[in-house]
Amino acid sequence: MGAIAIRKALADAGVEWRDIQFGFAGSYEIDNPDAVVALMGLTGIPFTNVYNGCATAGSVLALAADAIRLGDYDLGIAVGMDKHLPGAFSADPRLYACPSWYGELGQFLTPKFFGMKINKYMHDHGITSPTLARVVAKNLRNGALNPNAFRRKPLAEEEILGSRMLNYPLTQYMFCSPDEGAAAVIVCRADRAHRYTDKPIYLRASAVRTRRLGAFEVHSPWLPIEETVGPTVDASRAAFEKAGIGPEDVDVIQLQDTDAGAEVIHLAENGFCADGDQEKLVADGELEIGGRLPVNTDGGLIANGEPIGASGLRQIHEVVLQLRGQAGDRQVPGDPKVGYTQLYGAPGVAGVSILSL
């Protein structure tokens with residue numbers, strides 16, 4: 001899958017594999033990128049694998065961009081790929097830096113961890129379960145317009161609310177599924193972009209942040225009672241500062257929606273609304289493709305599933321299509337010019353990228 005994605009990206013840019021000077025790969029399961037390099041051709045380039053939870057692809061893109069900004073290379077590739085078994089991701093302390101009791105008590109990353117997060121947020125800010133169902137229904141409708149989506153069947157809000165309760169308030173259809181996928185992006189120096197396309201997309205900013213002491217990620221005995229903003233807030237603020245713009249300038253948005261509650265929380269954490277305003281935004285259709293804040297126009301993780309290494313580059317792919325005006329039936333109206341992507345990897349790392357024409 002990684003090789004297929006790379007070939008499609010090369011064809012889109014009109015370059016050959018032998019032109020690529022370096023690469024970064026993001027994967028939970030492939031710890032040796034030589035596997036995909038061997039399929040493409042052994043050209044001797046530096047190719048480094050990265051794993052950073054669900055923020056993996058954002059980290060990969062940031063590293064690839066920095067390699068070019070530092071002047072080491074002119075043309076490179078960022079690729080993400082994974083293939084996961086069905087079921088909840090475990091809380092293996094070797095993988096997630098969690099204490100052993102975290103998994104022993106059943107606190108798996110999906111669904112219990114996210115259930116507790118949105119349960120507290122709903123209590124604090126007046127969000128209701130029908131809002132979560134509306135978020136899912138929206139993303140599944142968008143996914144039905146995306147030929148690459150894992151789920152392409154819309155569901156009624158009543159069916160979503162009535163599906164099996166996994167961890168209150170999240171029902172079965174409010175979660176994404178672990179699955180398989182790959183995505184690739186060609187990156188180059190900005191002053192040479194017109195060699196490859198008549199409509200280049202510029203990476204205005206990329207930022208990755210980890211949580212600070214007191215960030216609410218389900219309180220543990222060693223954390224203080226006082227709360228600090230989560231890593232998404234820090235990554236978002238850093239990216240907006242680098243880009244020299246604000247949330248009001250963004251035309252199309254991709255947010256981590258591992259579950260419906262995550263999209264609700266991340267709307268506020270990224271500065272697109274105040275805590276609690278999501279209830280009205282969702283009810284008024286503001287997050288729809290034709291709304292004021294189109295979010296997860298390709299269906300997000302709810303429709304596409306979560307192959308960890310690929311998800312963030314899938315977001316980039318969707319934003320690029322939207323900015324080029326090539327998203328077909330899910331195209332955001334009004335010629336969008338600025339796109340935004342955000343990733344959140346439990347239990348506390350976030351990545352944000354801002355792209356523009």
Side-chain angles (χ1 to χ4, degrees), residues 53-56 84 86-91 96 102 106-125 127-143 149-151 153-155 157 159-179 181 215-218 230-232 253-270 272-273 275 278-279 281-282 287 295-296 298-308 311-312 314-315 341-351:
C54 295
T56 291
H84 305 301
F89 292 118
S90 73
Y96 294 105
Y102 194 80
Q107 308 302 335
F108 297 110
L109 298 185
T110 56
K112 298 176 179 66
F113 177 86
F114 293 111
M116 287 189 283
K117 281 195 71 174
I118 188 57
N119 194 21
K120 179 182 186 298
Y121 192 86
M122 291 168 70
H123 173 273
D124 290 348
H125 302 293
I127 304 299
T128 63
S129 291
T131 290
L132 302 183
R134 292 185 184 111
V135 167
V136 175
K138 175 211 28 120
N139 289 353
L140 291 177
R141 286 195 300 273
N142 293 349
F150 175 59
R151 291 174 172 167
K153 178 183 177 182
L155 292 176
E157 294 166 19
E159 187 174 0
I160 296 164
L161 283 171
S163 62
R164 183 163 58 104
M165 184 66 69
L166 295 188
N167 189 258
Y168 185 83
L170 298 172
T171 65
Q172 180 176 353
Y173 294 149
M174 292 180 181
F175 286 96
C176 75
S177 298
D179 67 349
F216 178 74
E217 307 293 349
V218 181
T232 292
I253 305 162
Q254 291 281 100
L255 300 179
Q256 180 90 9
D257 61 325
T258 321
D259 61 277
E263 180 171 320
V264 169
I265 293 172
H266 294 323
L267 267 170
E269 287 190 328
N270 288 280
F272 295 111
C273 69
D275 291 315
Q278 300 96 323
E279 189 88 353
L281 287 174
V282 173
L287 310 187
V295 176
N296 290 332
D298 66 349
L301 294 176
I302 295 292
N304 287 278
E306 170 74 303
I308 289 179
S311 292
R314 186 212 84 238
Q315 292 182 331
T341 72
Q342 174 262 342
L343 298 161
Y344 170 81
V349 59

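Excluded from the calculations below are hydrogen atoms, water molecules and symmetry mates; all remaining heavy atoms, backbone and side chain alike, are included. Residues take their numbers from the sequence shown, with the count starting at 1.
- Scanning both residues, Pro169 and Met174, for their nearest heavy atoms gives O-SD, 3.7 Å.
- A pairwise comparison of heavy atoms in Gly351 and Ala55 identifies N-CB, 4.2 Å as the closest pair.
- In terms of modelled atom types and a separation under 3.5 Å, the side chain of Asn142 and the main chain of Asn296 share a donor-acceptor contact.
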Thr258 vs Glu306, side-chain hydrogen bond (donor to acceptor under 3.5 Å, both in side chains): CA-CA, chis, key distance, verdict: CA-CA 7 Å; Thr258 321; Glu306 170 74 303; 4.8 Å; no
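- Two residues are said to be in side-chain contact when any heavy atoms from C-beta on lie closer than 4.5 Å; Gln256 and Ser311 fail this criterion.
- The minimum heavy-atom distance between Ser177 and Arg151, with the atom names listed, is OG-NH2, 2.8 Å.
- The distance from the CG atom of Leu267 to the CZ atom of Phe272 is 8.0 Å, given to the nearest 0.5 Å.
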Can I get a per-line list of side-chain donor-acceptor pairs under 3.5 Å for residues 131-140, giving both atom names and the distance, sequence neighbours left out?
{"from": "Thr131", "atom 1": "OG1", "to": "Glu279", "atom 2": "OE1", "distance (Å)": "2.6"}
{"from": "Thr131", "atom 1": "OG1", "to": "Glu279", "atom 2": "OE2", "distance (Å)": "3.3"}
{"from": "Lys138", "atom 1": "NZ", "to": "Glu263", "atom 2": "OE2", "distance (Å)": "2.8"}
{"from": "Lys138", "atom 1": "NZ", "to": "Val295", "atom 2": "O", "distance (Å)": "2.9"}
{"from": "Asn139", "atom 1": "ND2", "to": "Asp257", "atom 2": "OD2", "distance (Å)": "3.0"}
{"from": "Asn139", "atom 1": "ND2", "to": "Glu263", "atom 2": "OE1", "distance (Å)": "2.9"}

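- In this structure, the side chains of Gln278 and Cys273 come closer than 4.5 Å at one or more pairs of heavy atoms.
- Put simply, the side chain of Gln172 never gets that close to the backbone of Leu166: no donor and acceptor are under 3.5 Å apart.
- Residues satisfying the salt bridge (charged side-chain N to carboxylate O under 4.0 Å, His left out) test with Asp275, not counting sequence neighbours, are none.
- For the pair Leu161 and Thr171, the minimum side-chain heavy-atom distance is 4.5 Å or more.
- Of all heavy-atom pairs between Gly143 and Ala149, the closest is O-CB, 3.5 Å.
- Of all heavy-atom pairs between Cys176 and Leu301, the closest is CB-O, 3.1 Å.
- Ring-plane geometry between His266 and Tyr344 is classed as tilted, the angle between the planes lying from 30 to 60 degrees on a 0 to 90 degree scale.
- The two residues Gly305 and Pro307 make their nearest non-hydrogen contact at O-CD, 3.4 Å.
- To the nearest 0.5 Å, atom CG of residue Leu343 and atom CD of residue Gln315 are 4.5 Å apart.
- The backbone N or O of Gly261 sits less than 3.5 Å from a side-chain atom of Asp259, completing a donor-acceptor pair.
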